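Quantities reported herein were computed from a predicted structural model and do not represent experimental measurements. Numbering starts at 1 and runs along the sequence shown. Just so you know, these numbers use all the heavy atoms, side chains as well, and skip hydrogens, waters and symmetry mates.
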Amino acid sequence: MPILHIQHAVPNFDGWKRAFDSDPMDRKGSGVRRYHVHRAVADPNFVMIDLELDTLPEAGRLLEKLRYLWSGPGASVMRNPEAWIIETVESRSV
């Protein structure tokens, strides 16, 4: 299962969260099955998001949509976004 991992700084977490919750990318319609929002403990205005999808092509299409969003209206709620398509190779409970 591919994961689209995104990270960026935000000028205001609450404002960013409202924008995220408005779902401008139509996560479900884009193939997202589950997502996780993380926030850095040392810097609460730095967020990481993991979007789990079924296929690599879905992840690639969503990444392209995100890049378009980041260059337009998304620029007002985030700074220096980065993203990678990753896959989990191991996960264990200890």
Task: Parallel, tilted or perpendicular: ring planes of Phe13 versus Trp16, cut at 30 and 60 degrees - done: tilted
Task: For Ile86, the rest of its hydrophobic cluster, which grows through side-chain links under 4.5 angstrom - done: Ile3, Trp84
- [ ] Give the minimum heavy-atom separation between Val10 and Val77, together with the two atoms involved.
- [x] CG1-O, 3.5 Å
- [ ] For residues Ile85 and Pro2, report the shortest heavy-atom separation together with the two atoms involved.
- [x] CG2-CB, 4.2 Å
Task: Euclidean distance, Ile6 CD1 relative to Trp70 CH2, rounded to 0.5 Å - done: 5.5 Å
Task: ring-ring contact (aromatic ring centres under 6.0 Å, His included) contacts in which one or both residues fall within residues 47-68, not counting sequence neighbours - done: none
Open item on the list: Checking Glu87 now: which residues fulfil salt bridge (Lys or Arg N to Asp or Glu O under 4.0 Å) with it, not counting sequence neighbours?
Closed with: none
Task: Closest heavy-atom pair and its distance - Arg79, His8 - done: O-CB, 3.3 Å
Task: For His5, side chain to side chain donor-acceptor pair (under 3.5 Å) partners two or more places apart - done: Gln7, Asp50
Open item on the list: If I compare all heavy atoms of Val32 with all of Leu53, which pair ends up nearest, and what's the gap?
Closed with: N-CD2, 4.0 Å
Task: Rounded distance [0.5 Å steps], CG in Leu66 versus OG in Ser30 - done: 8.5 Å
- [ ] Please check if Leu56 and Met1 belong to a single hydrophobic cluster, counting links between Ile, Leu, Val, Met, Phe, Trp and Tyr side chain heavy atoms closer than 4.5 Å.
- [x] no
- [ ] Quick one: which residue pairs count as a salt bridge (charged side-chain N to carboxylate O under 4.0 Å, His left out) with a foot in residues 11-25, not counting sequence neighbours?
- [x] Lys17-Asp21, Asp23-Arg27
- [ ] Measure the CZ-NZ distance between Arg33 and Lys28 for me, rounded to the nearest 0.5 Å.
- [x] 8.5 Å
Task: Interatomic distance, Leu69 atom CG to Met25 atom CE [nearest 0.5 angstrom] - done: 5.5 Å
TODO: Would you please test Val47 and His38 for side chain to side chain contact (heavy atoms under 4.5 Å, CB included) and show each step?
DONE: CA-CA 6 Å; Val47 297; His38 311 278; over 6 Å; no
Task: With sequence neighbours excluded, residues passing side-chain contact (heavy atoms from CB on, under 4.5 Å) with Arg61 - done: Pro57, Glu58
TODO: Can you see which heavy atom on Thr88 is nearest to which on Ser91, and at what distance?
DONE: CG2-CB, 4.1 Å
- [ ] Please tell me if the side chains of Phe46 and Arg39 come closer than 4.5 Å, counting only heavy atoms from C-beta onward.
- [x] no
